[in-house]
A.B. asks: 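Before I ask anything, let me first share the structure, which is written out below as structure tokens.
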Amino acid sequence: MLAEKLLNISAIKLQPELPFVWGNGWNSPIYNDNRRILSYPDVRNFIKVELAKTILESYSAADVVAAVSTAAIPFGMLVADTLGMPFVYVRSTPKDHGLENLIEGDLKPGQRVVMVEDIVATGGGSLKAAETIRMAGCEVEGGVCVFNYEFPSAVKRLRDADIHMESLCRYDTLVETAIDIKYIQPGDESTLKEWRKDPANWLPAE
């Protein structure tokens, strides 16, 4: 259901024949712009509720919601408000003035934290945020995200760092849904699956 919603509002676009170029230089048949979700109240509220339910079901011991900066901040704030929980967000780099905080908000040593991500790709953002939270003397219960590519290397990195990640929508589900609703052609499935095996070195067919 969520995969179809994301495709319908162009929060996710699939273009196997005309790939995008990501900021890290990767060629990609898929592009995410989850900020578009914020402009669609029905999709935004659906995601808010599902993230909140996932936290209650999987991380009931959590004391604090922490968004992984910056695109996940609105989703983290919505979820924290829904659950009546404290909210903080974790910067990727320290603020360059004032207190030079890495964590914005009031996070106390010993608190149990659930992280909120909008997208998990390489897993680097989640790993860095978890390290920052742990260095602050807190426990990382795990994380939730709106969309997860589940790259094999990222899955391993998170597992090795003892970070459990629950995802509302996964890449495989997205591809299957895109075929079912005729967003892409059945023949595109092999291209999309091949890309995920080695996205850093994938090149579109000539």
A.B. asks: Does any N or O in the side chain of D188 come within less than 3.5 Å of the main-chain N or O of I184, such that one atom is a donor and the other an acceptor?
C.D. replies: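 The answer is no, because no donor-acceptor pair under 3.5 Å joins these two groups.
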A.B. asks: What's the verdict on side-chain contact (heavy atoms from CB on, under 4.5 Å) for L192 and L174, showing C-alpha distance, side-chain angles and the deciding distance?
C.D. replies: CA-CA 10 Å; L192 290 161; L174 176 78; over 6 Å; no
A.B. asks: Evaluate side-chain contact (heavy atoms from CB on, under 4.5 Å) for Y31 paired with I12, printing each intermediate quantity in order.
C.D. replies: CA-CA 6 Å; Y31 186 77; I12 295 179; over 6 Å; no
A.B. asks: Is I133 linked to V120 within one hydrophobic cluster, defined over Ile, Leu, Val, Met, Phe, Trp and Tyr using a side-chain heavy-atom separation of less than 4.5 Å?
C.D. replies: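 Shared cluster, yes.
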A.B. asks: Answer with yes or no whether the side chains of S126 and E117 bring together a donor and an acceptor at under 3.5 Å.
C.D. replies: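 E117 vs S126: donor-acceptor pair found between side chains.
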A.B. asks: Measure the OH-CG distance between Y59 and L83 for me, rounded to the nearest 0.5 Å.
C.D. replies: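 That separation rounds to 13.5 Å.
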A.B. asks: Starting at OG of S10, measure out to CD1 of I37 and round the result to the nearest 0.5 Å.
C.D. replies: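 So the gap between those two atoms works out to 11.5 Å.
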A.B. asks: Between D172 and R196, is there a salt bridge with N-O shorter than 4.0 Å?
C.D. replies: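 Answer for the salt bridge query: yes.
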A.B. asks: Establish whether Y40 and L78 are linked, either directly or via other cluster members, by ILVMFWY side-chain heavy-atom contacts under 4.5 Å.
C.D. replies: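 Not linked; separate clusters.
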A.B. asks: What class does the angle between the rings of W195 and Y149 fall in, given that below 30° is parallel, 30 to 60° is tilted and above 60° is perpendicular?
C.D. replies: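 Judged by the thresholds at 30° and 60°, the geometry between W195 and Y149 is perpendicular.
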A.B. asks: Do V49 and T82 come within less than 4.5 Å of each other through their side chains, counting heavy atoms only?
C.D. replies: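 With C-beta onward as the side chain, the pair stays apart.
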A.B. asks: State the CD-CD1 distance between E50 and I55, to the nearest 0.5 angstrom.
C.D. replies: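 Rounded to the nearest 0.5 Å, the CD-CD1 separation comes out at 12.0 Å.
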A.B. asks: Answer whether the closest heavy-atom distance between the side chains of L158 and L127 falls below 4.5 Å.
C.D. replies: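 Side-chain contact under 4.5 Å: yes.
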A.B. asks: May I ask you to say whether E131 pairs ionically with K128, meaning some side-chain N is under 4.0 Å from a carboxylate O?
C.D. replies: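 Between K128 and E131 there is no salt bridge, as every charged N stays at least 4.0 Å from the carboxylate O atoms.
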A.B. asks: Distance-only, no hydrogens or angles: does the K13 side chain make a donor-acceptor pair with backbone N or O of L7 under 3.5 Å?
C.D. replies: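 Checked: no pair found.
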A.B. asks: Is it the case that one hydrophobic cluster holds both V116 and V43, taking links as side-chain heavy atoms less than 4.5 Å apart, direct or via other members?
C.D. replies: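 V116 clusters together with V43.
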A.B. asks: When rounded to the nearest 0.5 angstrom, what distance separates CD in E194 from NZ in K197?
C.D. replies: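 One finds 4.5 Å between CD of E194 and NZ of K197.
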A.B. asks: Rounded at 0.5 Å granularity, tell me how far CD in E166 sits from OG in S58.
C.D. replies: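 Rounded to the nearest 0.5 Å, the CD-OG separation comes out at 4.0 Å.
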A.B. asks: If you compare all heavy atoms of G76 against all heavy atoms of A67, which two are closest, and at what distance to 0.1 Å?
C.D. replies: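 Distance-wise, the nearest heavy atoms are CA-CB, 4.3 Å.
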A.B. asks: Does a sphere of radius 6.0 Å around CZ in R134 hold more than 12 heavy atoms from other residues, nucleotides or ligands, not counting ones at 6.0 Å or beyond?
C.D. replies: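 Yes, the 6.0 Å shell around CZ holds more than 12 heavy atoms from other groups.
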A.B. asks: Got a list of side-chain donor-acceptor pairs under 3.5 Å for residues 135-148, not counting sequence neighbours?
C.D. replies:
| unit_1 | atom_1 | unit_2 | atom_2 | d |
| --- | --- | --- | --- | --- |
| N148 | OD1 | E150 | N | 2.8 |
| N148 | ND2 | S167 | OG | 3.0 |

A.B. asks: Are L2 and F46 packed together at the side-chain level, in the sense that at least one heavy-atom pair is separated by less than 4.5 angstrom?
C.D. replies: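 Heavy-atom side-chain distance check passes, below 4.5 Å.
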A.B. asks: Side-chain contact, heavy-atom cut-off 4.5 Å: V68 with I73?
C.D. replies: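 No, their side chains stay 4.5 Å or more apart.
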A.B. asks: Any side-chain to backbone donor/acceptor pair from R157 onto T122? Under 3.5 Å, distance only.
C.D. replies: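 Indeed, once roles are kept as given, a pair shorter than 3.5 Å links the two residues.
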A.B. asks: Roughly how far, to the nearest 0.5 Å, is CG of L6 from CD1 of I47?
C.D. replies: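 One finds 5.5 Å between CD1 of I47 and CG of L6.
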A.B. asks: Is it the case that one hydrophobic cluster holds both I163 and F151, taking links as side-chain heavy atoms less than 4.5 Å apart, direct or via other members?
C.D. replies: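 No; F151 is not reachable from I163 via cluster members.
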A.B. asks: Examine distances only and state if a side-chain atom of W22 and a backbone atom of I30 form a donor-acceptor pair shorter than 3.5 Å.
C.D. replies: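 Yes.
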A.B. asks: State, with a plain yes or no, whether a side-chain heavy atom of V64 is found less than 4.5 Å away from one of V88.
C.D. replies: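 Heavy-atom side-chain distance check passes, below 4.5 Å.
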A.B. asks: Is it true that, when you exclude K53 itself, more than 12 heavy atoms of the residues, nucleotides or ligands shown sit nearer than 6.0 Å to its NZ?
C.D. replies: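 Result for NZ/K53: open.
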A.B. asks: Assess the residue pair V114 and H164 against the criterion (side-chain contact (heavy atoms from CB on, under 4.5 Å)); give the C-alpha distance rounded to whole Å, side-chain angles, the decisive distance to 0.1 Å, and a yes or no.
C.D. replies: CA-CA 10 Å; V114 57; H164 177 74; over 6 Å; no
A.B. asks: Can you establish whether the number of heavy atoms outside Q15 located under 6.0 Å from its atom CD is more than 12?
C.D. replies: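 Counting other residues, nucleotides and ligands, CD of Q15 exceeds 12 neighbours.
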A.B. asks: Any side-chain heavy-atom pair from D33 and R36 closer than 4.5 angstrom?
C.D. replies: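 Answer yes - side chains close enough.
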A.B. asks: Taking the side chain as C-beta and beyond, is there a heavy-atom pair between F75 and K48 under 4.5 Å?
C.D. replies: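 F75 vs K48: side chains apart.
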A.B. asks: For D162, does the CG atom have more than 12 heavy-atom neighbours from other residues, nucleotides or ligands under 6.0 Å away?
C.D. replies: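 No.
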A.B. asks: Compare all side-chain heavy atoms of I119 with those of N34 and state whether any distance is below 4.5 angstrom.
C.D. replies: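 In short, these two side chains touch, coming nearer than 4.5 Å.
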A.B. asks: Taking V79 as the starting point, is it possible to reach Y89 by hopping between hydrophobic residues whose side chains are less than 4.5 Å apart?
C.D. replies: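 Result: yes, single cluster for both.
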A.B. asks: T173 side chain to C169 main-chain N or O, any donor-acceptor pair under 3.5 Å?
C.D. replies: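 No; zero donor-acceptor contacts below 3.5 Å.
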A.B. asks: Do D42 and R44 meet the salt-bridge criterion of a basic N to acidic O distance under 4.0 Å?
C.D. replies: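 Answer for the salt bridge query: no.
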A.B. asks: Which heavy atom of S92 sits nearest a heavy atom of S69, and at what distance?
C.D. replies: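 Nearest pair, atom of S92 first, then S69: N-CB, 4.3 Å.
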A.B. asks: Is a side-chain donor or acceptor of N45 paired with a backbone partner of P41 at a separation under 3.5 angstrom?
C.D. replies: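 Yes; judged by distance alone, with no hydrogens or angles, the pair exists.
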